[in-house]
Novice: 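Shown below is the structure under consideration.
Residue numbering restarts at 1 for every chain, and letters A, B, ... go by the order of the sequence lines.
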Protein chains: 2
Amino acid sequence: MASQTEENYLKSLFNMANEAGEVNISELAQQMQVSMPTVNSMVKTLQKNGWLIYEKYKPVILTSEGKKEAALVIRKHRLTEMFLVNKMGFGWEEVHEIAEQIEHIHAPKFFERMDEMMGHPTVDPHGSPIPDKLGRIQEVNYSTLSQCKTGQLVVLAALTNSSTEFLEFLNSRELNLGKELKILSKESYDQSMVVSFKDHASETLSEKVCDRLLVRVVG
Amino acid sequence: MASQTEENYLKSLFNMANEAGEVNISELAQQMQVSMPTVNSMVKTLQKNGWLIYEKYKPVILTSEGKKEAALVIRKHRLTEMFLVNKMGFGWEEVHEIAEQIEHIHAPKFFERMDEMMGHPTVDPHGSPIPDKLGRIQEVNYSTLSQCKTGQLVVLAALTNSSTEFLEFLNSRELNLGKELKILSKESYDQSMVVSFKDHASETLSEKVCDRLLVRVVG
DNA sequence: CAATTTTGTTAGATAGTTCTAACTTTTTAC
DNA sequence: GTAAAAAGTTAGAACTATCTAACAAAATTG
């Protein structure tokens with residue numbers, strides 16, 4: 001069984017892996033907010049425990065067991081976030097830090113019960129997919145709002161970034177998942193976009209914001 | 001802030017303290033399932049951090065800060081147990097191990113929300129009092145069923161032991177908190193008691209069981 | 001391609017929590 | 001009131017997760 005620290009490394013590795021499934025030591029050190037020697041010794045431990053493959057001066061690669069373990073921690077995290085929002089009344093901007101702790105609880109029944117109570121949700125409050133009990137994650141590919149064209153009708157489905165500040169920004173504009181947006185125009189100078197809500201006035205969104213909004217095109 | 005290990009020591013110390021508030025090193029070692037040298041070094045740490053008073057070869061005594069810290073961990077434990085039973089449908093025999101982990105979560109809002117959702121409960125599913133936000137614990141003094149006399153009418157209010165096995169025994173007899181029992185007789189040979197339930201046949205309970213049932217006398 | 005920068009490794013140290021072995025103090029019991 | 005038992009302490013070690021300093025390899029860049 002992975003320690004809490006190991007679980008956090010696995011989670012980061014899972015989230016950072018590129019197409020080749022590789023992650024550099026320095027990237028991981030930055031992500032984990034520890035020094036490179038710390039990562040160096042930890043990847044040796046993780047390799048010893050079978051979670052990843054590591055060779056001197058090479059990027060690390062998760063094994064399939066490592067990926068599964070990581071996905072199961074992410075499952076606990078995302079189920080918890082969903083539970084906190086749907087069953088306990090928290091805002092989507094409040095749940096990350098709490099879930100960051102609860103994801104390390106070893107109590108299968110507890111997470112099973114959450115899952116049942118919510119009717120087996122497939123995404124968390126930020127639209128990220130919840131891996132299944134076997135650690136399989138169903139990838140959905142949304143477009144960023146930036147990639148959409150003027151005139152398109154889209155539904156806000158997920159976020160590429162879920163920082164508290166961004167979530168609070170979205171709250172202030174009443175931009176929540178499921179919101180239908182019509183793209184009125186795109187400013188070629190700064191890539192900002194003007195969108196209208198179903199029943200509201202129109203709103204201008206900066207490129208930075210548009211890059212972080214994942215949408216499903218519906219018309 | 002106390003570490004998870006420190007919190008566990010404080011909790012045990014709080015629960016084990018006698019009238020004088022004293023706990024021996026060997027008792028604590030047994031309770032915590034570690035060696036005496038481990039306890040010795042940990043009580044030095046706990047003293048350094050202001051949680052208790054310790055002198056060589058003397059029993060240890062919690063400071064008021066130590067008591068408060070312990071009570072707040074116990075509060076989180078008991079609120080969690082109550083939440084698991086009342087809001088998530090767990091049985092009272094299933095919740096201890098889960099609460100044992102969740103009690104170490106640092107997220108005041110999370111426990112506040114549980115407390116609110118349950119309408120500020122004062123006891124946990126086993127009848128133990130839930131300390132308030134300031135760590136104050138309201139002591140109630142029930143009698144054990146053993147101490148009661150033939151003919152008395154009592155209500156099951158709490159337990160002196162909440163082991164899974166005992167709770168499963170109580171489940172098998174449909175003995176839950178709030179149950180009204182009439183004491184029909186007491187066997188002087190082995191101190192076993194015959195009680196009748198409101199709407200059931202009578203049942204014989206051994207001394208061991210009667211010692212572990214805390215009741216409120218109602219008639 | 002050689003110099004510099006970036007990335008990664010090794011060595012050695014620290015802090016927390018635990019252990020065993022050996023020793024000391026306190027308590028118990030004849 | 002001494003001898004044995006129980007309780008407690010010290011010393012020294014291990015393991016996990018971290019650090020800094022120093023060095024080495026790989027990548028970048030003029």
Side-chain angles (χ1 to χ4, degrees), chain A residues 1-14 16-18 20-62 66 69-70 73 100-101 103-106, chain B residues 1-14 16-18 20-62 66 69-70 73 100-101 103-106:
Chain A
M1 200 171 62
S3 71
Q4 214 160 293
T5 308
E6 284 179 314
E7 286 186 347
N8 284 332
Y9 277 87
L10 292 175
K11 209 169 36 126
S12 288
L13 284 165
F14 190 94
M16 294 166 75
N18 53 28
E22 299 182 343
V23 179
N24 295 329
I25 302 292
S26 62
E27 286 164 10
L28 187 51
Q30 180 149 43
Q31 176 68 30
M32 298 294 299
Q33 293 283 288
V34 296
S35 67
M36 286 207 294
T38 299
V39 170
N40 182 273
S41 83
M42 185 52 70
V43 298
K44 286 175 183 170
T45 303
L46 290 165
Q47 173 168 59
K48 200 185 73 231
N49 295 340
W51 306 120
L52 55 75
I53 291 160
Y54 161 69
E55 283 177 274
K56 257 193 182 187
Y57 300 107
K58 294 276 172 62
V60 302
I61 304 176
L62 284 177
E69 188 75 7
V73 176
E100 205 64 11
Q101 297 179 65
E103 70 189 8
H104 301 296
I105 300 291
H106 294 290
Chain B
M1 199 170 58
S3 73
Q4 214 160 294
T5 308
E6 286 179 311
E7 286 186 347
N8 284 332
Y9 277 87
L10 291 175
K11 209 168 38 125
S12 288
L13 284 165
F14 189 94
M16 295 167 75
N18 53 27
E22 298 183 345
V23 179
N24 295 331
I25 302 293
S26 62
E27 287 164 9
L28 187 51
Q30 180 148 44
Q31 175 69 30
M32 296 295 299
Q33 293 282 286
V34 297
S35 68
M36 286 208 295
T38 298
V39 171
N40 182 272
S41 84
M42 186 52 73
V43 298
K44 286 175 182 170
T45 303
L46 290 165
Q47 173 169 58
K48 201 185 71 228
N49 295 339
W51 305 120
L52 55 74
I53 291 160
Y54 161 68
E55 282 177 275
K56 260 193 182 189
Y57 300 107
K58 294 275 171 62
V60 302
I61 304 177
L62 284 178
E69 188 74 8
V73 176
E100 206 62 13
Q101 297 180 63
E103 71 190 7
H104 300 295
I105 300 290
H106 294 291

Novice: Starting from P on C:dT6, measure out to CG on A:Asn40 and report it in whole angstrom.
Specialist: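 Atom-to-atom, A:Asn40 to C:dT6, this comes out as 20 Å.
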
Novice: Under 3.5 Å between N/O atoms: give me all the protein pairs with nucleotides 13-22 of chain C, atom names plus distance.
Specialist:
| unit_1 | atom_1 | unit_2 | atom_2 | d |
| --- | --- | --- | --- | --- |
| C:dT17 | OP1 | B:Ser3 | OG | 2.7 |
| C:dT18 | OP2 | B:Tyr9 | OH | 3.1 |
| C:dC19 | OP2 | B:Ser35 | N | 2.9 |
| C:dC19 | OP2 | B:Ser35 | OG | 2.9 |
| C:dC19 | OP2 | B:Thr38 | OG1 | 2.3 |

Novice: Would you be so kind as to tabulate the donor-acceptor pairs closer than 3.5 Å made by side chains of residues 52-61 of chain B, with sequence neighbours excluded?
Specialist:
| unit_1 | atom_1 | unit_2 | atom_2 | d |
| --- | --- | --- | --- | --- |
| B:Tyr54 | OH | B:Asn40 | ND2 | 3.3 |

Novice: If I compare all heavy atoms of A:Met1 with all of A:Glu6, which pair ends up nearest, and what's the gap?
Specialist: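 Looking at all heavy atoms of both residues, the shortest contact is O-OE1, 4.2 Å.
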
Novice: Any heavy-atom pair between the side chains of B:Glu69 and B:Leu62 that's under 4.5 Å?
Specialist: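 Of all side-chain heavy-atom pairs linking B:Glu69 with B:Leu62, none is under 4.5 Å.
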
Novice: For A:Glu103, check side-chain hydrogen bond (donor to acceptor under 3.5 Å, both in side chains) against everything at least two apart and list the hits.
Specialist: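 With neighbours one apart ignored, the set is A:Lys11, A:His77.
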
Novice: Kindly compute the distance separating NZ (A:Lys44) from CG (A:Leu46), expressed to the nearest 0.5 Å.
Specialist: 12.5 Å

Novice: Taking all heavy atoms of A:Met16 and all of A:Leu28, pick out the closest pair and write down the distance.
Specialist: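 Reported closest heavy-atom pair: CE-N, 3.7 Å.
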
Novice: Do A:Val43 and A:Ile25 have side chains that approach each other closer than 4.5 Å (heavy atoms only, starting at C-beta)?
Specialist: yes

Novice: Among residues 52-60 of chain A, which ones have heavy-atom contacts with DNA chain D below 4.0 Å?
Specialist: A:Tyr57

Novice: Does anyone know the first and last nucleotide of DNA chain D in reach of chain A, 5' to 3', at under 4.0 angstrom to a heavy atom?
Specialist: D:dA17 to D:dA25

Novice: Minimum heavy-atom separation for B:Ala2 and B:Leu10, please, with both atom names.
Specialist: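 Heavy-atom minimum between the residues: CB-CD1, 4.4 Å.
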
Novice: What distance separates A:Ile105 CD1 from B:His104 NE2, expressed to the nearest 0.5 Å?
Specialist: 9.0 Å

Novice: Can you name the residues that form a side-chain hydrogen bond (donor to acceptor under 3.5 Å, both in side chains) with B:Thr45, not counting sequence neighbours?
Specialist: none

